[in-house]
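The figures that follow rest on heavy atoms only: side chains count, while hydrogens, waters and symmetry mates do not.
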2 protein chains.
Amino acid sequence: MSAVERRSGAGIQSAERALRILELVGAAPTGLTAAEIAERLGLGQSTAYRLLATLQHEDYLTRQPGEHRYILGRSVDELGRALQVQLVATDPVRAVLRALHDAAHAPAYLTVFRGDDIAVAHIADSPEHPRIGQLHVGFAEASHTTAFGKLMLASRDDAAVARFLEKRGAARLTASSVTDVATLREQLDEVRAQQLAVEVEEYLPKLACIAAPVRSPAGRVVGAVSVSVSAKDLPSRAWELERAVRRGAWQVSARVAG
Amino acid sequence: MSAVERRSGAGIQSAERALRILELVGAAPTGLTAAEIAERLGLGQSTAYRLLATLQHEDYLTRQPGEHRYILGRSVDELGRALQVQLVATDPVRAVLRALHDAAHAPAYLTVFRGDDIAVAHIADSPEHPRIGQLHVGFAEASHTTAFGKLMLASRDDAAVARFLEKRGAARLTASSVTDVATLREQLDEVRAQQLAVEVEEYLPKLACIAAPVRSPAGRVVGAVSVSVSAKDLPSRAWELERAVRRGAWQVSARVAG
DNA sequence: ATGACGATTCGCACATAGTGCGAACGCACC
DNA sequence: GGTGCGTTCGCACTATGTGCGAATCGTCAT
């Protein structure tokens, strides 16, 4: 390896290249040709073709017959499906969320904690009770201003929380966001005690959220079930919603494998 | 490379290994430890760790803080999402399928042709009009016995069809399945002429299916919109269903990008 | 037919990038 | 303070991946 130019990610070069190809192809709605790929990655043609042959052989890429552009293949779908399973987004779990939505008359969410991220695994909503703004199924940064974010942090010990805050900080999103670390710690203690997290206008104005923990059979907190309602409705409905969310989280936990 | 033992897939070794790791981790609901991965793949620990570091760095793998097992990361989700886009499974398209289902009182399907496979991109059904048996969203082998399969074959020239049949054969699934190649070719010609494929009890007994082609802006047939009904209802409803399916396919085509 | 152009494969020489082994390190738990 | 993981490091070796150029194939236009 030359001392002059150092590769960015210190990793297995060809593995990185393979992954980058997948991303590149995925980002192109109609796929890419071998030449385009080689060019954009600065690869010789042989190299590109060999990498592509491997990816195609493993069904991560395919081509329409007669076409020269590569598109994502079925293995990508299989991986995605495997992820869904890991995220607990199975049909019985979806049914629980749907029932929660119907009972609470509010959008219901299933989130799963992954590393320092949160994955929104499923949302049960309706035209009458739509999901929060831009919240969508997929990975999102964890935040100390959301009910499920608090739950995630509460599931960790102080050292881990400190590490998290050091990395991500405690940004202020609304006037009510908690930015003081000491106060946040107190909140997390309360979350641990109640096994429930509540957030009122800390994430988005006028909105409140209640979340209860989902546990693996081993007892580990792996995610959260939550609902969001308008902040002004919260006082009158808190008790009812808490019960509904706790029940939903319990039911999901019972349907979590492994 | 030793002449004695030859590697299976003639490809880039480390890329293959990286992909295999992803599959392995995906297949384990709760993830795997580095040691397990190294062992199952027959890798030295350094090698395994370096591969894992690369995959983690690119966010294809993550770990829960404190945990030693690797799980699928957010990049997998992003890839899967990119595939969904390539499969045209966007919200407006889903809405079209839903409308078709409501109008036709039958389960509606969007399929996308990929290589020699068919991807079921979306299904709009209901408890009253449930989807066909084990049909599910995801990739499936193309078949000459399904309406969308016929449509896919019809979108190809004779040589490509020949190649397909040589590889996959023309199996008999029901008493009505067409297994004679000449007859099949005639059917495909008719499909091309009508821009519509119909199948009656060729795939599953008592079921019939009508499919119309989805076209890219460039005019290429990229998939199909279809509905399935009970075979005995077909005669009385054929005209109505044909109109509905054609309309649905047209609407989807208008919502296909690139 | 002929030629020209893009896509794809092949052959080859080179050395980088990847590999395995063993040892060292860090860390938690006993 | 020791024992048992999980993880990193150092090193020597060469298989593995690489780039270049040329050969081949296929398609389309002339």
Side-chain angles (χ1 to χ4, degrees), chain A residues 1-21 25 30-58 61-71 115 156-160 163, chain B residues 1-21 25 28 30-58 61-71 115 156-160 162-163:
Chain A
M1 189 181 327
S2 85
V4 183
E5 53 164 336
R6 169 165 255 91
R7 283 195 287 115
S8 51
I12 304 296
Q13 189 184 52
S14 36
E16 272 173 3
R17 286 173 167 177
L19 298 175
R20 195 120 308 129
I21 288 178
V25 172
T30 52
L32 294 171
T33 68
E36 287 168 330
I37 293 169
E39 198 258 323
R40 296 202 200 181
L41 258 56
L43 304 177
Q45 3 178 44
S46 322
T47 308
Y49 273 107
R50 254 168 308 186
L51 242 8
L52 287 169
T54 303
L55 289 167
Q56 191 171 4
H57 182 79
E58 304 294 325
L61 295 180
T62 347
R63 283 187 291 180
Q64 306 289 23
E67 284 269 333
H68 290 153
R69 10 194 85 246
Y70 290 84
I71 53 183
R156 311 221 172 140
D157 60 28
D158 285 353
R163 249 179 281 125
Chain B
M1 191 179 328
S2 86
V4 183
E5 53 165 335
R6 170 164 253 90
R7 285 195 287 115
S8 50
I12 304 296
Q13 188 184 52
S14 34
E16 271 174 2
R17 285 173 168 177
L19 298 175
R20 194 120 309 128
I21 288 178
V25 172
T30 52
L32 294 172
T33 68
E36 286 168 330
I37 293 168
E39 200 257 323
R40 295 203 200 181
L41 257 54
L43 303 177
Q45 2 179 42
S46 319
T47 307
Y49 273 107
R50 257 169 307 188
L51 242 9
L52 288 168
T54 303
L55 290 167
Q56 191 171 4
H57 182 79
E58 305 294 325
L61 295 180
T62 346
R63 285 187 291 180
Q64 307 288 23
E67 284 270 333
H68 290 153
R69 14 194 84 245
Y70 289 84
I71 54 182
R156 312 222 171 139
D157 59 28
D158 285 355
R163 248 178 283 126

*Side chains of A:Arg20 and B:Glu58: does their closest heavy-atom pair fall under 4.5 Å?*
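A:Arg20 vs B:Glu58: side chains touch.
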*Student check: side-chain heavy atoms of B:Glu16 and B:Leu19 closer than 4.5 Å*: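 They are not in side-chain contact.
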*Which residue, A:Leu41, A:Leu32, A:Thr54, forms the side-chain contact (heavy atoms from CB on, under 4.5 Å) with A:Ile21?*
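Considering A:Leu41, A:Leu32, A:Thr54, a side-chain contact (heavy atoms from CB on, under 4.5 Å) with A:Ile21 is found only for A:Leu41.
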*Look up atom OH in A:Tyr49 and atom CD in A:Gln56, then write down how far apart they are to the nearest 0.5 Å.*
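Atom-to-atom, A:Tyr49:OH and A:Gln56:CD are 11.0 Å apart.
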Expressed as a whole number of angstroms, how long is the span from [X]:[atom1] to [N]:[atom2]?
X	N	atom1	atom2	value
A:Leu51	C:dT9	CG	C1'	16 Å
A:Asp157	C:dC27	CG	P	15 Å
B:Gln56	D:dG6	CD	C1'	13 Å
A:Ile21	D:dG17	CD1	P	13 Å
B:Glu67	C:dA28	CD	P	14 Å
A:Arg69	C:dG6	CZ	C1'	14 Å
B:Ile12	D:dA15	CD1	C1'	13 Å
A:Leu32	C:dA7	CG	C1'	15 Å

*Candidate nucleotides C:dT19, D:dG6, C:dT8, ranked by approach to the side chain of B:Gln13 - the nearest*: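 Comparing C:dT19, D:dG6, C:dT8 against the side chain of B:Gln13, the answer is C:dT19.
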*Please tell me which of the listed nucleotides, D:dT7, C:dA7, C:dT19, lies nearest to the side chain of A:Ala35?*
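Ranking D:dT7, C:dA7, C:dT19 by closest atom to the A:Ala35 side chain puts C:dA7 first.
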*When we call it a touch if two heavy atoms are under 4.0 Å apart, what does A:Ser14 touch: a base, just sugar-phosphate, or nothing?*
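Sugar-phosphate contact only.
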If you compare every side-chain N and O of [X] against the phosphate oxygens of [N] (OP1, OP2), does one of them come in below 4.0 Å?
X	N	value
B:Arg17	C:dT19	yes
B:Arg63	D:dT7	yes
B:Gln45	D:dC9	no
B:Tyr49	D:dT8	no

*Taking all non-hydrogen atoms of both residues into account, name the closest pair between A:Ala15 and B:Ser14 and its distance.*
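Distance-wise, the nearest heavy atoms are CB-O, 4.3 Å.
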_Using the P atom as the point on both nucleotides, what is the distance between C:dT16 and C:dC12, in whole Å?_
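It works out to 22 Å between them.
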_By nearest heavy atom, map B:Ala48 and A:Thr33 onto DNA chain C; which one lands nearer the 5' end?_
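Upstream on the strand: A:Thr33.
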